[in-house]
There are 2 protein chains.
Amino acid sequence: MEKKLSRKEREFSQRKKEILDIALSLFSKRGFHNVTMQDIARKSEFAVGTIYKFFKTKEDLYRELVIKKGEEILSLLIKPFELSVDEMLKIRKAIETKINVFIENKDAIYLYLTETRGAAAYVSINIDEKIKDLYFSYLEKLAEVFEDGIKKGIFPDMDPFLLAIGIDSISNAFLFQEMERPGEHPFNVDLILKIFFRQIYIGGKLNV
Amino acid sequence: MEKKLSRKEREFSQRKKEILDIALSLFSKRGFHNVTMQDIARKSEFAVGTIYKFFKTKEDLYRELVIKKGEEILSLLIKPFELSVDEMLKIRKAIETKINVFIENKDAIYLYLTETRGAAAYVSINIDEKIKDLYFSYLEKLAEVFEDGIKKGIFPDMDPFLLAIGIDSISNAFLFQEMERPGEHPFNVDLILKIFFRQIYIGGKLNV
DNA sequence: CTAAAAAATGAGTTAATATTCATATAGCAT
DNA sequence: ATGCTATATGAATATTAACTCATTTTTTAG
């Protein structure tokens, strides 16, 4: 069902993708309002009119970009939850994955976090809501892992959703700090786990 | 040195303050680019031209607002650090204060956090840097408390700046969650301290 | 009360940029 | 090679919103 695309269609998608990549690099650095369609046209080496063959409006382009990247990133972030390992390892893998995804997708992360912050960044309520929902669904999956762990007695008995928010926000904060001032305050997964669980987990074993 | 203001001057500041208050409520909901000077004029019941008697440009107005609020909030947040109590209680007070400041200044917090996020929100690099610096100076003060506590052996021996980022980001995350979906996941200072220290601190005593 | 000075007003000007569309170019079939 | 269709182009247009300033209104002083 994938191979039905004609060369024309493949070229169309390829060009569209190129435009979206350029747009990502621009929007993530300067924000929606400080990037013009001219900028996108110039940098992607298309004429302005051509951009409009791919996207009805500037906002459409932005919306498509934000949602596409959001979904892309979510799909990476939730992979560890499908592993059949114990909850502690799942959490560890989830944080490791998050760190890698951050590093590999800095631009997209900027776009994404800008959106979840609402307020000044938002262009249209709908984008904002969609991205919030994606992020929420991630937190819910993470919370489920905590819930399972609590039932087994390996995590403290607290609201699993708050634990999810907690560990995720620490991870985000450390990652942002690292992005802003690289090397100043090195951290790793163990440190995050240590704060959360007073535990270091190595090769299937728990060490305090 | 305060009472030298004439009625004129007092009226001028009063009006300026009114405009800034209106602008805050608008900017915090819709962001810089989605609020027009017309909007601010209409809502504050002045003419557009009058707004320009108070602020040279729209960006000036915004800058003044963001920095004023940032400084206002910082001065509230750092108060607990001046208390002469032990480090654990200082941290507790700092979180309590943060929760209260959040609740009392939701609009300003939105403005403030939007700015610290950089990226899409930014208007001019200078505002952004100024606010980042303010926030950074808060984190540094918080880190000092951790440092003192670590020396005394009452906190675990980790990078105090990371501990500061950590506890602050959890507090922020819980507060945002509460703002977005009130009542769904109740939390309090004890919960945050428990995650961080496995400790509840009541009336000067530590309880595990 | 009256006239000069100060302040406020908002229609009009200007600048920036999203969007359109007549024209040019490239691709393709015969 | 030739015409026909689809695609690309970017100058021209439309829109939006910041900012100005000639006019009106309010305040102050005598």
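Since the model is a prediction, treat every value here as computed from it, not as a measurement. Just so it is clear: chains get the letters A, B, ... in the order the sequence lines come, proteins before strands, and each one is counted from 1.
- For B/Phe161 and B/Phe136, the distance between ring centers is under 6.0 angstrom.
- The distance between atom CE of A/Met37 and atom P of D/dT15, rounded to the nearest whole Å, is 17 Å.
- The residues A/Asp39 and A/Lys43 are annotated as not salt-bridged, no charged nitrogen and carboxylate oxygen being separated by less than 4.0 angstrom.
- Put simply, NZ on B/Lys58 is 15 Å from P on D/dT20, counting in whole angstrom units.
- Taking atom NZ on B/Lys16 and atom P on C/dA7, their separation rounds to 15 Å, with Å as the unit.
- Comparing atom distances between the B/Ala47 side chain and each of C/dT19, C/dG10, D/dT9 picks out C/dG10 as nearest.
- Here the CD1 atom belonging to B/Ile165 is positioned 12.0 Å from the CG atom belonging to A/Asn172, to the nearest 0.5 angstrom.
- Following rounding to the nearest Å, A/His33 (NE2) and D/dT16 (C1') show an atom-to-atom distance of 12 Å.
- Between B/Tyr62 atom OH and D/dA18 atom P there is a gap of 14 Å when expressed in whole angstrom units.
- Ranking C/dT19, D/dA17, C/dT17 by closeness to the B/Thr36 side chain, first place goes to D/dA17.
- For an aromatic pair to be called close, the ring centres must be under 6.0 Å apart, and B/Phe54 with B/Phe12 satisfies this.
- The side chain of A/Arg7 places an N or O atom within less than 4.0 Å of a non-bridging phosphate oxygen (OP1 or OP2) of C/dC28.
- For the residue pair A/Ile51 and A/Ala41, the shortest heavy atom distance occurs at CD1-CA, 4.0 Å.
- Look at CZ on B/Arg42: it is 11 Å from P on D/dA18, rounded to the nearest Å.
- For the pair A/Arg30 CZ and C/dT17 P, the interatomic distance rounds to 10 Å; values are reported in whole Å.
- Within residues 49-56 of chain A, the residues approached by DNA chain D to less than 4.0 Å at the level of any non-hydrogen atom are A/Gly49, A/Thr50, A/Lys53, in residue-number order.
- Look at A/Asp190 and A/Arg92 and you find a salt bridge, because one of the NZ, NE, NH1 or NH2 atoms lies within 4.0 Å of a carboxylate O, short of that distance.
- Partner B/Ile170 forms a side chain to side chain contact (heavy atoms under 4.5 Å, CB included) with one of A/Ile195, A/Leu162, A/Ile170 and no other, that one being A/Ile170.
- Contact between the side-chain N/O atoms of A/Arg15 and the OP1/OP2 oxygens of D/dA8 is found at a separation under 4.0 Å.
- Within the helix from C/dC1-D/dG30 to C/dT30-D/dA1, the inter-axis angle between the opening and closing five-pair segments is 0°, rounded to 10°.
- We find that CG of A/Leu26 is positioned 14 Å from P of C/dT17, with the value rounded to whole Å.
- In this structure, A/Lys58 is positioned above the aromatic face of A/Phe32, its NZ or CZ under 6.0 Å from the six-membered ring centre and within 45° of the axis.
- Relative orientation of the B/Phe146 and B/Phe196 rings is tilted, given thresholds of 30° and 60° on the angle between their planes.
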